[in-house]
Amino acid sequence: MERHSWDEYFLELMATVASRATCDRGRSGCVIVRDRRIISTGYVGSPPGLDHCDDVGHLMKEVIDEDGTVRNHCVRTIHAEQNAICQAARLGIPLEGATLYCKMEPCRVCAMLIISCGITKVVAQKKYHAAQETREMFGQAGIELVVIEDETESYSNQ
């Protein structure tokens, strides 16, 4: 049996973390690692004490892109990357120099948080349909972005 690379290993753990997600549109997970040690995890879910999509349904909002494309976003939940960053903050764990593993390229808001907290590398399983700004910001900030599969993640009611 061939031993997995570190990226493969942490992406498999990210998929396990994602199994706790409470929004069936994305079921994303996140693992943050420093020196090959897990320091925080997160999954898509509502803030503590609030209703979950899987229990009460989605809270959908329409977003219109600059090119006129209309997209639907569920705003009931917090993204996996945001939850992992918040978990580290609650526990007083610095993220400077860490690597973040996620299901798809982070959205713009997650990218800004990743930059702000000092994470230096992001490894995503797949592409994200609205990640152009993320790629540009990461380039400007010097954050290494690695996308494993040349496939864009899709989900219901996108």
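Computed over heavy atoms, backbone and side chain alike; hydrogens, waters and symmetry mates excluded.
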Item to check | Distance-minimising heavy-atom pair for Asp150 and Lys127 | outcome: OD1-NZ, 2.7 Å

Item to check | Leu91 atom CG, over 12 foreign heavy atoms within 6.0 Å | outcome: yes

Item to check | Heavy-atom pair of closest approach, residues Pro106 and Cys110 | outcome: CB-CB, 3.9 Å

Checklist entry - Backbone N or O of His73 within a donor-acceptor pair of the Arg25 side chain at under 3.5 Å? => result no

Next on the checklist: Is a donor from one side chain sitting under 3.5 angstrom from an acceptor on the other, for Gln132 and Glu136?
Outcome noted: yes

Checklist entry - Which atom names give the shortest non-hydrogen contact between Ala88 and Leu95, and what distance separates them? => result CB-CD2, 3.7 Å

Checklist outcome for this item: When every non-hydrogen atom of Ala98 is compared with those of Ile32, the smallest separation belongs to CB-CG2, 3.7 Å

Checklist entry - Using links of under 4.5 Å between side-chain heavy atoms of ILVMFWY residues, direct or through other members, which residues join Leu59 in one cluster? => result Val75

Checklist entry - Of all residues at least two apart in sequence or in a different chain, which pass the side-chain contact (heavy atoms from CB on, under 4.5 Å) check with Val44? => result Ala21, Cys23, Ser28, Thr77, Ala80

Next on the checklist: Do Arg135 and Glu105 have side chains that approach each other closer than 4.5 Å (heavy atoms only, starting at C-beta)?
Outcome noted: yes

Checklist entry - Is Glu62 salt-bridged to Arg71, cutoff N-O under 4.0 Å? => result no

Next on the checklist: Could you tell me if the side chain of Gln125 sits less than 4.5 Å from the side chain of Val147, heavy atoms only?
Outcome noted: no

Next on the checklist: I want to check something: taking the side chain as every heavy atom from C-beta on, are Leu113 and Ser116 in contact at a cut-off of under 4.5 Å?
Outcome noted: no

Item to check | Exam field: side chain Gln140 to backbone Met137, donor-acceptor pair closer than 3.5 Å | outcome: no

Item to check | Close side-chain approach of His79 and Cys107, heavy atoms under 4.5 Å | outcome: yes

Item to check | Nearest heavy-atom neighbours spanning Leu100 and Cys30 | outcome: CG-SG, 3.5 Å

Checklist entry - Apart from Met1 itself, which Ile, Leu, Val, Met, Phe, Trp or Tyr residues share its cluster (side-chain heavy atoms under 4.5 Å, direct or through members)? => result none

Item to check | Interatomic spacing from CD1 in Ile148 to CG in Asp7 - rounded to 0.5 Å | outcome: 5.0 Å

Checklist outcome for this item: In short, Arg34 meets Ile93 closest at the heavy-atom pair NH2-CG2, 4.4 Å

Side-chain donor-acceptor pairs under 3.5 Å in residues 10-19, sequence neighbours left out?
{"from": "Glu12", "atom 1": "OE2", "to": "His4", "atom 2": "NE2", "distance (Å)": "2.9"}
{"from": "Thr16", "atom 1": "OG1", "to": "Glu12", "atom 2": "O", "distance (Å)": "3.3"}
{"from": "Ser19", "atom 1": "OG", "to": "Thr16", "atom 2": "O", "distance (Å)": "2.5"}

Checklist entry - Between Thr41 and Val31, is there a donor-acceptor pair closer than 3.5 Å when you use the side chain of the first and the backbone of the second? => result no

Checklist entry - Which value, rounded to the nearest 0.5 Å, describes the distance between Lys103 atom NZ and Tyr128 atom OH? => result 12.5 Å

Checklist entry - Does one side chain, of His58 or Asn72, offer a donor that lies under 3.5 Å from an acceptor on the other? => result no

Item to check | Pairs where residues 72-94 contributes a residue and the test salt bridge (Lys or Arg N to Asp or Glu O under 4.0 Å) is met, not counting sequence neighbours | outcome: none

Item to check | side chain to side chain contact (heavy atoms under 4.5 Å, CB included) between Val123 and Thr99, intermediate numbers included | outcome: CA-CA 7 Å; Val123 179; Thr99 298; 4.1 Å; yes

Next on the checklist: If you apply the rule salt bridge (charged side-chain N to carboxylate O under 4.0 Å, His left out), what do you find for Glu133 with Arg108, and how did you get there?
Outcome noted: CA-CA 6 Å; Glu133 283 184 289; Arg108 184 180 193 285; 3.0 Å; yes

Checklist entry - Hey, is CG on Asp55 packed in by over 12 heavy atoms from elsewhere, all under 6.0 Å? => result yes

Checklist entry - Between Asp54 and Asp24, is there a donor-acceptor pair closer than 3.5 Å when you use the side chain of the first and the backbone of the second? => result yes

Checklist entry - Considering residues at least two apart in sequence or located in another chain, which fulfil the side-chain contact (heavy atoms from CB on, under 4.5 Å) criterion with Ile143? => result Ile114, Ile115, Val122, Phe138, Ala141

Checklist entry - Are Thr69 and Asp67 linked by a side-chain donor-acceptor pair shorter than 3.5 Å? => result yes

Next on the checklist: Donor-acceptor check, side chain of Gln87 to backbone of Ser40, threshold 3.5 angstrom: yes or no?
Outcome noted: no

